[in-house]
2 protein chains.
Amino acid sequence: MKKKLTIKDIAKELSVSISTVSKALNDSHEIAETTKKRIQAYAKEFNYKPNFNALSLKNKKTKTIAVLIPNMLKYIYAQVFNGIEQVANELGYKIITCVSNEKTSKEIEILEMLSNGSIDGFIISPALETSINKEYSHFQDVLDEGFPIVMFDRIPKELDCDKVMIKDHKATFNAVEHLKNTGCTNIAFISTNNKLTSTKKRKKGYLKALEEFKLPANKDIMVDLTEINYKEYERALTPMLENNQIDGVITTNEATGIAIQKVAQKLGYSIPGNFSVIAFSNGILARHASPQMTTISQHGEKMGAKAAKLLIQRIEEDIENPDYETKIIKTDLVMRNSTKSFLKLNYK
Amino acid sequence: MKKKLTIKDIAKELSVSISTVSKALNDSHEIAETTKKRIQAYAKEFNYKPNFNALSLKNKKTKTIAVLIPNMLKYIYAQVFNGIEQVANELGYKIITCVSNEKTSKEIEILEMLSNGSIDGFIISPALETSINKEYSHFQDVLDEGFPIVMFDRIPKELDCDKVMIKDHKATFNAVEHLKNTGCTNIAFISTNNKLTSTKKRKKGYLKALEEFKLPANKDIMVDLTEINYKEYERALTPMLENNQIDGVITTNEATGIAIQKVAQKLGYSIPGNFSVIAFSNGILARHASPQMTTISQHGEKMGAKAAKLLIQRIEEDIENPDYETKIIKTDLVMRNSTKSFLKLNYK
DNA sequence: TTGAAAGCGCTAACAT
DNA sequence: ATGTTAGCGCTTTCAA
């Protein structure tokens, strides 16, 4: 790598002291206008840039945040990343992006690697393994070292830190309400990770709504697909539709929503004529499905943006034991063509 | 932020000199085994981690690479990111991820921000705006400063640097060949960014194949959808199918492939019975389409992995004017259900 | 075998 | 208005 221009070089070249150069470049009032101009002009001409590591070392601030997510290929995480990126960029922060691949061991490695002054704080959605085993000590360690963390999506309630989350139970409750309002009477629930707290909450909201609206709660039409590859979804779901009179389905992700649509169509149902589908996560699949799928939007970008704002605020206030906040992002039903329309759409 | 443990602290605590601690922690042979053990034990107990910025300042190496992509929401870029991430992680590198949002100005900003010692090198796919206007001077500036760059996907042939690319013309050529082999005789071509070099090459390969296989080349069935929102794709494509006897289509991306499938189905075609589709980019949409779509895989993860390896190699060899390499990633046809099957599948 | 000192690039308190 | 110096945390040369 080519040698970079430093203030020392400039000082020597212009026959002034290093500190004069430093002050001039920082536009200090204690430097004469003329020398300032001279120095600034030189710096500009030769494209001087203050060395990042020297500054970070001095300031004990890197203006860099770490984003730790389970998997960038999942649209929701890419959306969250996008939200974070926008805010970070606006506020002059860089992002170091890391992927846990749903492995606790990888998370530990990453936290270890980054808690050495590389970054000022973390935005994290824990790995599946971590969430299921509730192994949060590595997060706690990092918190104890004084790093601010903002958790999102899969949130350990055991950890005392800032959080950005959605109301999963409310989201499914609203989805059931909409299905009921558009005429569904036998609503199924399909999940893909029933050990995840968020999945449990989603199911809870579903059950609550069934009760509230006096709809039948039938275990045969509550299916969990954990451990089943998405290629097998259709096969796995066929019996449920064959053996039950289902007219509405809620799924905890898009791929499952698509699968159930295909199965229903194969069995002769018409969507949304006599079969409605609402899927969690307003991603790219729903928009391209046939018919386009009504979804529960978790507003990934908004989540990311909020998380980034919260984290950067914490970093910059830099106080010992702050009052941690939990921000709630409202979910929305994004109406498309897998559900009938209903005029009164103000679920709250 | 809490104060971190430094070698100075350890030195004081154990009543040895700073340099002894440094050497002990680096397992230097010039330190007595007993003192080494003592120091290492202490460091371990109190979770000492060498300060990243101090090391980077000293070594003029950050073990960090920048990834600059147009948009993380596009699956292909998320795939490339994934490939980069895996290799980088393996080789002990961090990744700073930046998004240009297809804007040249954002690219310039980002390069400016990162070329100050934050990172050791770049992996870049230029923004649309940049590619179309062939405005590459900001990349050249960074190269001139001595930063290694690996370009992928959209490649400026004007720039002298390492590159990882696919053979776009060969890819479409093979796609046409497969369609011909499975009985298609009137093959359409739909693109979405006809100003992009890669799109031009794809079209060239298509035309070349038509010629080679003596298939009709009809301008009415070569459509470009630049500037048209994906929601309008179906409407925009309907006339072409209505007014022509088309039995095969190649599209330059997945969303367009899905759209043409829907239009064809609406017009009564059966896929792949009398209508075949091959789309560029083996992403998530193709797998969930009805029918599942045959695609041209660009092997995003492989591209990313190769780019990362190449970049890190350049960083670590650190020589003035290396012989830049251009690596070619082979594309593949991923056979699904939007094309008929054909036994002899060895296109080369 | 251990330690003192210089230096990476920068800032800032403290002279001059 | 400008310069000297110490120090951020670390490595490394040189001296003891």
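Within every chain, numbering begins at 1; the chains are lettered A, B, ... in the order of the sequence lines, protein sequences first and strands thereafter.
Between the CG atom of A:D27 and the P atom of D:dT2 there is a distance of 14 Å, rounded to whole Å. Rounded to whole Å, atom P of C:dT16 lies 16 Å from atom CD of A:E30. Taking atom CG on A:L25 and atom P on C:dC10, their separation rounds to 9 Å, with Å as the unit. Atoms NZ (B:K23) and P (D:dA15) sit 13 Å apart, rounded to a whole Å. Atom pair A:K61:NZ and C:dT11:P shows a separation of 17 Å (rounding to whole Å applied). As a whole-Å value, the separation of A:K37 NZ from D:dT2 P is 13 Å. To the nearest angstrom, P of D:dT11 lies 8 Å from CG of B:N59. Counting to the nearest Å, the P atom of C:dG7 and the CG atom of A:D9 are 14 Å from each other.
By the 4.0 Å N-to-carboxylate-O rule, B:K36 lies close enough to B:D27 to be salt-bridged with it. Contact check on A:K3 versus A:D9 returns a salt bridge, with a Lys/Arg side-chain nitrogen under 4.0 Å from an Asp/Glu carboxylate oxygen. Between A:K49 and B:E145 there is a salt bridge, since a side-chain N of the basic residue sits under 4.0 Å from a carboxylate O of the acidic one. A salt bridge is absent between A:E109 and A:K106: the closest approach of a Lys/Arg side-chain nitrogen to an acidic carboxylate oxygen does not fall below 4.0 angstrom.
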Below 3.5 Å is the cut-off: list the nitrogen or oxygen pairs between protein and nucleotides 7-10 of chain D, distance only.
unit_1: D:dG7; atom_1: N2; unit_2: A:K58; atom_2: NZ; d: 3.3
unit_1: D:dC8; atom_1: OP2; unit_2: B:K8; atom_2: NZ; d: 3.4
unit_1: D:dC8; atom_1: O3'; unit_2: A:K60; atom_2: NZ; d: 2.9
unit_1: D:dG9; atom_1: OP1; unit_2: A:K60; atom_2: NZ; d: 2.5
unit_1: D:dC10; atom_1: OP1; unit_2: B:Y48; atom_2: OH; d: 2.5
unit_1: D:dC10; atom_1: OP1; unit_2: B:N51; atom_2: N; d: 3.0
unit_1: D:dC10; atom_1: OP2; unit_2: B:I7; atom_2: N; d: 2.7

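Listed pair A:S17 / D:dT2 fails the phosphate criterion, with no side-chain N or O lying under 4.0 Å from OP1 or OP2. For D:dT4, the OP1/OP2 oxygens have no side-chain nitrogen or oxygen of A:S19 closer than 4.0 Å.
Residues B:D153 and B:Y77 have side chains that bring a donor and an acceptor to within less than 3.5 angstrom of each other.
Classified by interplanar angle (parallel below 30°, tilted 30° to 60°, perpendicular above 60°), the ring pair B:Y136/B:F139 is parallel.
Between atom CG of residue B:N51 and atom OG1 of residue B:T6 there is a gap of 9.0 Å, rounded to the nearest 0.5 Å.
Contacts of B:T35 with the nucleic acid, taken as non-hydrogen atoms under 4.0 Å apart, involve only primed sugar atoms and P, OP1 or OP2.
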